[in-house]
Amino acid sequence: GAVVSQHPSWVICKSGTSVKIECRSLDFQATTMFWYRQFPKQSLMLMATSNEGSKATYEQGVEKDKFLINHASLTLSTLTVTSAHPEDSSFYICSADSRTGGDYGYTFGSGTRLTVV
Amino acid sequence: QQPVQSPQAVILREGEDAVINCSSSKALYSVHWYRQKHGEAPVFLMILLKGGEQKGHEKISASFNEKKQQSSLYLTASQLSYSGTYFCGTEIIGANNLFFGTGTRLTVIP
């Protein structure tokens with residue numbers, strides 16, 4: 001089956017620092033990956049669509065200069081939270097379209113819990 | 001663009017059935033269903049494509065009414081392991097991304 005690996009699982013950082021989160025598709029190529037943010041007891045909100053070799057597409061209200069997305073290869077997308085603040089603390093999850101050749105839907109990484117102190 | 005789910009929460013006893021509804025205001029290409037346990041990533045359950053599909057495996061099935069842009073998830077003879085928050089994800093025609101619904105918290109008690 002399709003597997004997406006996300007690292008780190010959790011991170012605590014100081015206010016003002018930057019944090020990078022990696023998302024890898026292990027057994028399939030993902031030209032498109034997606035980044036979501038989820039606050040406690042809320043739904044997953046799509047932040048941006050990451051396209052291999054081109055600029056990411058951000059959803060309305062998401063600061064592209066704060067949440068830097070890089071999709072340099074067909075198996076890796078990274079999200080960098082720059083100048084993090086406590087209000088950026090959240091659960092960040094990546095996903096990739098894994099439907100080619102199978103009925104897998106979108107496969108999700110295990111998520112990264114970011115705490116900014 | 002966020003689809004609306006109902007009910008917001010439901011409590012079942014083991015063996016009871018439940019229906020979770022998902023409604024969108026946009027023309028949909030597909031509907032996905034996921035279950036998320038607390039602190040974990042969503043787990044894919046099934047996908048239904050434009051064309052009015054119905055699908056199921058074991059005691060969980062779903063339908064997609066293309067004309068109404070609605071989908072329903074049916075859980076029969078619920079088990080304790082079914083507890084979690086269920087999300088529908090919708091793909092709008094012409095867009096290559098997935099928007100999640102408002103969520104339905106399902107609790108199965110002995």
Side-chain angles (χ1 to χ4, degrees), chain A residues 1-7 9-10 21 23 30-52 54 56-62 69 77 90-115, chain B residues 1-6 8-9 20 22-24 26 28-50 53-57 60-62 64 71 73 84-92 94-107:
Chain A
V3 179
V4 172
S5 174
Q6 186 173 341
H7 292 282
S9 298
W10 59 271
I21 303 170
C23 180
T31 53
T32 305
M33 289 186 175
F34 308 92
W35 288 95
Y36 292 84
R37 180 168 54 184
Q38 186 177 34
F39 292 108
K41 297 187 178 181
Q42 294 188 21
S43 184
L44 290 85
M45 300 305 295
L46 180 64
M47 297 175 66
T49 301
S50 166
N51 302 297
E52 187 267 335
S54 65
T57 304
Y58 291 82
E59 294 300 311
Q60 193 172 8
V62 178
I69 291 172
S77 176
S90 187
F91 191 48
Y92 293 86
I93 313 175
C94 69
S95 75
D97 188 345
S98 51
R99 287 174 290 180
T100 54
D103 190 19
Y104 300 120
Y106 286 62
T107 300
F108 283 80
S110 53
T112 298
R113 189 162 302 282
L114 171 64
T115 303
Chain B
Q1 299 190 58
Q2 184 177 35
V4 177
Q5 288 181 232
S6 63
Q8 288 186 328
I20 300 172
C22 173
S23 181
S24 174
K26 304 284 186 180
L28 300 178
Y29 171 72
S30 70
V31 178
H32 304 222
W33 284 97
Y34 292 83
R35 176 171 59 214
Q36 185 180 31
K37 302 274 187 179
H38 181 68
E40 300 177 7
V43 173
F44 172 71
L45 295 177
M46 66 186 76
I47 178 174
L48 300 105
L49 299 177
K50 182 174 178 292
E53 277 196 304
Q54 289 196 26
K55 271 190 179 178
H57 54 83
I60 301 175
S61 62
F64 176 24
S71 178
L73 183 71
T85 301
Y86 289 78
F87 292 101
C88 64
T90 56
E91 276 189 292
I92 298 169
N96 182 30
N97 50 30
L98 196 67
F99 286 93
F100 279 83
T102 48
T104 297
R105 177 169 290 188
L106 179 76
T107 305

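Only this structure's heavy atoms are used, side chains among them; waters, hydrogens and symmetry mates stay out. Each chain gets a letter, A, B and so on, in the order the sequences are listed, and its residues count up from 1.
Ranking B/Q2, B/Q5, B/Q36 against chain A, the residue ahead of the rest is B/Q36, based on heavy-atom pairs under 4.5 Å.
For A/L46, the part sitting under 4.5 Å from any heavy atom of chain B is the side chain, from C-beta outward, and nothing else. With a threshold of 4.5 angstrom between heavy atoms, A/Q38 approaches chain B through side-chain atoms but not through N, CA, C or O. Using a 4.5 Å cut-off between heavy atoms, B/S30 touches chain A through its side chain atoms alone. In this structure, the portion of A/S110 lying under 4.5 Å from any heavy atom of chain B is its backbone and not its side chain.
When every heavy atom of A/Y106 is checked against every heavy atom of B/H32, the shortest pair comes out as CD1-CE1, 3.2 Å. Between A/G109 and B/A41 the shortest heavy-atom distance is O-CB, 2.8 Å. Shortest non-hydrogen contact noted between A/S43 and B/G101 is OG-O, 2.5 Å. Taking each heavy atom of B/G39 and A/F91 in turn, the nearest pair found is O-CZ, 4.1 Å.
By the neighbour-count criterion of 12 heavy atoms within 6.0 Å, atom OH of B/Y29 is sparsely surrounded, having that number or fewer from other residues, nucleotides or ligands.
A distance below 6.0 Å separates the ring centres of A/F108 and B/F100.
For the pair A/S95 and B/L98, the minimum side-chain heavy-atom distance is 4.5 Å or more.
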